[in-house]
Amino acid sequence: MSEFAKAYEPQAVEAKWYAAWIDGKCFEADPSSAKDAYSIVIPPPNVTGILHLGHVLNNALQDILARRARQEGKEVLWLPGTDHAGIATQAKVERELRENEGKTRRDLGRAEFLKRVWDFKNKHGDIIIQQLKRLGCSCDWSRERFTMDESYTKWVSHVFVELFKQGLIYRGKRIVNWCPVSLTALSDEEVIMTPQRSKLYFMKYELADAPGEFLEISTTRPETLMGDVAVAVNPKDPRFSKYIGRMVKRPFPHADIPVIADDHVDIEFGTGALKITPAHDKADFEIGMRHGLEIIDVLTPDAHIHCPDCPDLHGLDRFVARKKAAAKLEEMGLLIKVEEYENNVGFSERAHVPIEPRISMQWFLKYPCVQEAADAVANGDIKFRPERWAKTYAHWMENLQDWCISRQLWWGHQIPVWYHKEKLDPLKNAESLEMADFEKGDIHVGLDAPADGENWVRDEDVMDTWFSSWLWPFATMSDLGENSATLKKFYPTDDLVTGPDIIFFWVARMIMAGFQFTGELPFKNVFFTSIIRDLQGRKMSKSLGNSPDPIDLMEKYGADGLRFGLLRIAPVGSDLRFDEVSVEEGRNFANKLYNACRFRQMAGTDLVELGDVKTFPPYHIDIMAKLDALSADLTESYAEYRFGEIAQRLYEFLWNEFCDKFLEAVKLDLRESATSEARALTLGTFDAVMSRYLQLMSPYMPHITEELSLRMGYMKEGEFLMQQVLPSEPLVPFDPSAAQARAAAIYESAGRLRNLKAEYNLGSRKDVRFIVKGAINWLSEETKVLALLAGAAEIVLDSSYEAQKGTPAALTPVGEVYLPMEGLIDVEAERIRISKEIEKIGIEVRKCEGKLGNASFVDRAPPEVVEQEKARLEEWKSKHVQLSEMLAALA
RNA sequence: GCGCGCUUAGCUCAGUGGUAGAGCACAUCCUUCACACGGAUGGGGUCGCAGGUUCGAACCCUGCAGCGCGCACCA
């Protein structure tokens with residue numbers, strides 16, 4: 001039993017216990033166990049990422065679920081790992097390369113560059129894992145996975161090949177979201193629509209067959225004018241019907257382009273005429289397809305103008321070119337006006353620049369098992385919490401677009417497709433091969449290169465990171481083609497804890513992949529965490545600098561303090577406004593818990609067995625019964641994933657019930673002067689309650705509870721609290737209501753007496769005497785405790801007491817209590833106070849009377865409610881009388 | 001434009017039909033032998049607005065307003 005310092009110092013304790021758990025293999029899951037399985041897979045953080053508060057919340061929740069499941073006697077697997085995060089990681093390494101060596105990835109070549117990324121990953125990939133360990137996460141590190149592990153990569157390739165064989169993956173030239181900085185295609189989900197202040201340009205095109213006659217057009221993008229191949233109007237628009245089928249002059253480079261009619265054009269918007277640039281706008285592309293229009297690409301991959309016929313624009317950046325093109329139009333007298341305009345522009349999620357709709361050859365996936373996946377959530381086979389996210393999910397599932405899965409990156413899973421060299425047009429590279437060529441044997445799709453490998457060239461592209469993430473729940477549990485013991489025991493998983501921002505990126509896709517490749521749903525429940533914001537309601541972000549470093553917080557307040565503080569304020573369905581104060585409260589709470597135990601040890605270090613509870617004083621039975629109730633309530637709350645409520649209940653029990661009431665009530669028994677019997681009894685109750693309480697708290701604050709359990713002797717050296725199964729027997733196996741009523745009466749009465757003292761500014765005086773008239777029959781047994789709690793020298797029972805007029809008094813559950821004032825009070829101040837009080841009570845009395853005078857209330861409200869109202873009226877009335885007397889006495 | 005959510009004390013939020021709550025902050029008192037990362041007491045709210053249902057509404061219904069977030073091809 002070690003020395004207790006005055007304040008709890010978490011840092012050393014937390015490190016010690018984490019190491020002990022690892023040594024004891026406490027987190028390792030045994031697939032051969034006979035116990036029921038509970039499993040959860042971590043949402044893999046980016047391998048080069050660092051921990052932020054979102055991770056803390058998310059992983060603390062998973063840890064709580066895992067630790068609670070262990071306490072419930074389950075065999076638990078919490079499977080950890082990291083994600084290779086294609087664009088993010090590659091961008092980091094490229095930036096480093098540029099800054100340190102002034103080189104691009106192409107300068108190094110693919111093989112050398114990938115080597116650098118792997119080096120980078122090996123150097124930095126462990127950081128976030130170490131941080132999760134600092135937080136106390138009970139992951140099975142022996143099963144840690146990475147989305148680019150060899151076996152995982154096999155899964156990814158296999159899935160690609162299978163879906164290709166089923167005709168769900170195809171290659172095609174489509175308009176995609178192109179990031180001009182990352183130089184790759186993106187999926188629709190990776191594009192963030194952002195309102196932008198921009199300009200709407202109004203300009204006019206001359207009719208080819210009627211010089212001097214013009215058609216007015218509006219656009220936000222004059223710089224793509226060179227790619228215009230038509231002007232479209234709505235066929236129902238009478239203003240333009242006469243132009244349909246005629247030609248207008250595109251100003252530069254000069255060309256005559258047709259005026260066409262298409263329903264897509266909004267008559268109300270701008271001039272009602274739309275220039276059609278199929279190469280640079282998704283809607284224009286579709287109109288172009290409908291009308292068989294030419295596609296003229298006037299932008300380079302990095303969004304510079306490519307138009308040798310317009311030398312003054314050629315080579316300019318798109319935004320520079322926009323101004324230049326507008327100026328050119330003005331010079332030509334074709335610009336009518338420019339209006340300020342707000343529109344939504346798609347930004348690249350990673351590079352934070354406007355994406356460019358661009359035509360390119362890409363691989364696409366038609367989602368598998370869409371109907372099954374949609375139904376699974378709709379019919380509750382997978383339960384979303386909060387439930388409303390199911391609607392968001394359903395909406396997305398109903399409007400699925402094919403997924404662009406190829407990325408023009410090097411870091412990732414390379415597409416398992418080879419093209420025959422002879423068929424490859426050496427000038428045009430693989431883009432020249434259309435899907436139809438597959439039939440001719442020019443494309444090889446498979447896990448391995450073709451046997452005559454030297455005749456084949458592999459597709460250079462890699463797959464979208466999420467194309468590997470969506471296999472995470474099962475690809476982490478088994479090698480391809482193997483029905484591993486782990487998979488058998490732990491798949492499908494039970495819970496998934498993640499943010500609602502990746503419902504589409506990840507959750508929905510995992511459900512589809514699970515169905516497709518395992519025939520099962522990958523999880524049963526999805527718990528969506530709160531998004532953490534700052535006190536102004538802004539999202540946490542690096543650039544705003546409003547994101548506290550969780551490691552700093554843990555250094556300052558301890559991992560337990562951080563976990564508990566954050567969890568206690570985490571709401572069920574809405575965003576969370578983070579305030580460091582709550583972490584401070586978590587730390588303070590840990591200290592409170594620690595000091596309660598310290599107090600116990602000051603009265604003796606030997607464990608004391610619990611005797612026959614039935615014979616115990618009411619305070620003891622009361623606190624034990626409250627713990628039993630807490631224990632039962634937590635079981636319910638866990639079933640409903642109400643984590644914040646659980647933390648709050650644990651907090652209130654320890655602080656308000658155990659420390660403020662129970663410990664204060666039994667303090668005398670722990671003093672030197674107490675009898676050894678009384679002390680033993682109290683220590684026994686303390687130990688029984690505290691040992692169970694620590695266990696209930698353990699999932700939230702794993703380190704301190706483990707530490708205290710050992711120090712207090714509840715656990716022996718070599719045992720772990722986290723491995724103990726929750727007891728099923730209550731501490732109080734009989735009806736405790738009589739004892740609890742007595743304890744409640746004393747606690748409430750003590751409060752009233754303290755109020756009384758404070759009202760007369762005697763709050764800190766310990767020498768006051770209270771006289772109880774008409775005491776409840778058992779009060780003589782409890783006067784010592786009442787005096788202690790009320791901060792009084794003594795409580796005197798005197799049924800014949802005649803109070804002097806004006807003696808302060810209070811009506812309490814144990815009788816009428818008087819506070820004789822031998823000291824002085826300010827008579828005038830007292831009169832004012834009492835007058836105000838009487839006024840207040842008068843209002844209450846009238847309220848009650850009004851209610852009871854209302855026939856419909858008396859007749860129609862439930863009888864017990866009416867009775868309650870009557871009792872309340874009586875109470876107010878008697879208080880009114882009492883105060884009036886006091887006032888009279890003062891006069 | 002469609003959908004979802006939020007609006008309760010200075011701040012952050014509980015509270016799904018029966019006397020408005022917690023923590024923090026604030027004020028006063030207490031360094032009493034577990035804890036000042038503590039204890040005691042107190043002030044502070046027409047529960048966003050307007051209707052409706054009900055004996056009774058913070059809570060149920062309708063409308064409105066403000067804020068936030070998704071989704072959407074108005075250039």
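Chain naming here is simple, since letters A, B, ... match the order of the sequence lines and numbering starts at 1 in each.
- Atom CG in L788(A) sits roughly 14 Å away from atom C1' in A34(B) (whole-Å rounding).
- Contact of the F528(A) side chain with the V507(A) side chain is registered, since non-hydrogen atoms from C-beta on lie closer than 4.5 Å.
- Nucleic acid contact for Y341(A): sugar-phosphate only, since backbone atoms but no base atoms lie under 4.0 Å from a heavy atom of the residue.
- Counting any heavy atom pair closer than 4.0 Å across all strands shown, P862(A) reaches a base atom.
- Among the heavy atoms of the strands lying under 4.0 Å from S218(A) is at least one base atom, whether or not backbone atoms are also near.
- With both ends at atom C1', the span from G70(B) to G43(B) equals 43 Å, rounded to whole Å.
- Between R754(A) and the phosphate of U41(B), there is a side-chain N or O to OP1/OP2 separation shorter than 4.0 Å.
- Remark: the E190(A) side chain and the S187(A) side chain contain an N/O donor-acceptor pair separated by less than 3.5 Å.
- R533(A) comes within 4.0 angstrom of sugar-phosphate atoms only, judged by non-hydrogen atoms across all strands, and of no base.
- The salt bridge (charged side-chain N to carboxylate O under 4.0 Å, His left out) search around R174(A) returns none, not counting sequence neighbours.
- Between the side chain of K6(A) and the base of C35(B), no donor-acceptor pair under 3.5 Å is found.
- Heavy-atom distances to RNA chain B give each of A758(A) and A7(A) a nearest nucleotide, and the one nearer the 5′ end belongs to A7(A).
- Within 4.0 Å of R598(A), counting heavy atoms only, lie sugar-phosphate atoms of the nucleic acid but no base atom.
- Using a 4.0 Å cut-off, some side-chain N or O of N755(A) falls inside it from OP1 or OP2 of G42(B).
- Judged by distance alone with a 3.5 Å cut-off, a donor-acceptor contact links the side chain of E664(A) to the base of A34(B).
- Residue V858(A) is classed as having no contact, given no heavy-atom separation below 4.0 Å to the nucleic acid.
- Residue contacts shown for C659(A) include a base, since a base heavy atom lies under 4.0 Å away.
- Using atom C1' as the reference point in both G10(B) and C26(B), the two lie 9 Å apart (nearest Å).
- Across all non-hydrogen atoms, the minimal contact from H703(A) to V13(A) is O-CG1, 4.3 Å.
- Side-chain proximity of S856(A) to the nucleotides C71(B), C55(B), A34(B) is greatest for C55(B).
- Under the side chain to side chain donor-acceptor pair (under 3.5 Å) criterion, the residue pairs touching residues 218-229 of chain A are Y205(A)-D228(A), R221(A)-E223(A), R221(A)-E356(A), E223(A)-R322(A), T224(A)-K275(A), D228(A)-K275(A), D228(A)-T277(A), with sequence neighbours excluded.
- Scanning for side-chain contact (heavy atoms from CB on, under 4.5 Å) contacts around M289(A) gives F285(A), with sequence neighbours left out.
- Partners of Y8(A) under the ring pair (Phe, Tyr, Trp, His ring centres under 6.0 Å) rule, at least two apart in sequence or in another chain, are Y594(A).
- In this structure, a donor-acceptor pair under 3.5 Å is absent between the side chains of R752(A) and N755(A).
- To the nearest whole angstrom, the two C1' atoms, one in U62(B) and one in A57(B), are 15 Å apart.
- Residue N344(A) places none of its side-chain N or O atoms closer than 4.0 Å to OP1 or OP2 of A72(B).
- Partners of E874(A) according to the side-chain contact (heavy atoms from CB on, under 4.5 Å) rule, which considers only residues two or more places apart in sequence or in another chain, are K877(A).
- If you check C35(B), G39(B), C55(B) against the side chain of A861(A), the one that comes closest is C55(B).
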Mind listing the N/O atom pairs, protein and nucleotides 20-29 of chain B, below 3.5 Å?
from, atom 1, to, atom 2, distance (Å)
G23(B), O2', E585(A), OE1, 2.8
G23(B), O2', E585(A), OE2, 2.8
C29(B), O2', S764(A), OG, 2.9

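- Whole-Å rounding puts the K851(A) NZ to A57(B) C1' distance at 12 Å.
- Rounded to whole Å, atom P of A75(B) lies 9 Å from atom CG of L200(A).
- Pairing partner, C29(B): G39(B), with both Watson-Crick or wobble hydrogen-bond distances short of 3.5 Å.
- Look at the C1' atom in both A9(B) and G5(B): the space between them is 23 Å, to the nearest Å.
- Regarding L400(A), its CG atom lies at a distance of 15 Å from the C1' atom of A72(B), rounded to whole Å.
- In the set C55(B), A34(B), C37(B), C55(B) carries the atom at the smallest distance from any side-chain atom of F857(A).
- By the salt bridge (charged side-chain N to carboxylate O under 4.0 Å, His left out) test, E636(A) is found to be paired with no residue, residues two or more places apart in sequence or in another chain being considered.
- Using a 4.0 Å cut-off, no side-chain N or O of K199(A) falls inside it from OP1 or OP2 of A75(B).
- For the P atoms, the distance linking C4(B) with G42(B) amounts to 45 Å, nearest Å.
- Contact check on E339(A) versus K199(A) returns no salt bridge, with no Lys/Arg side-chain nitrogen under 4.0 Å from an Asp/Glu carboxylate oxygen.
- Here, G21(B) and G44(B) have their C1' atoms 13 Å apart, quoted to the whole Å.
- Residue pairs meeting the salt bridge (Lys or Arg N to Asp or Glu O under 4.0 Å) criterion with at least one partner in residues 640-652 of chain A, sequence neighbours excluded, are D633(A)-R649(A), R642(A)-E645(A).
- Here the side chain of Q868(A) is nearest to one of U19(B), A34(B), C37(B), namely U19(B).
- The partner of C4(B) is G68(B), by the rule that a Watson-Crick or G-U pair needs both atom distances under 3.5 Å.
- Looking at every heavy atom in both residues, L225(A) comes nearest to R250(A) through O-CD, 3.3 Å.
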Taking protein heavy atoms under 4.0 Å as touching, what does nucleotides 4-15 of chain B look like 5' to 3' if B marks base contact, S marks sugar-phosphate-only contact and - marks none?
SS------SSSS

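- Here R860(A) reaches the OP1 or OP2 of C55(B): one of its side-chain N or O atoms lies under 4.0 Å away.
- Here the C1' atom of nucleotide C33(B) and the CG atom of L663(A) are 15 Å apart, to the nearest Å.
- Between the P atoms of U53(B) and C61(B), the separation comes to 15 Å (whole Å).
- When the nearest nucleotides of RNA chain B are assigned to H395(A) and E9(A) by heavy-atom distance, the more 5′-ward of the two goes with E9(A).
- G45(B) and U32(B) have their C1' atoms separated by 36 Å, given to the nearest Å.
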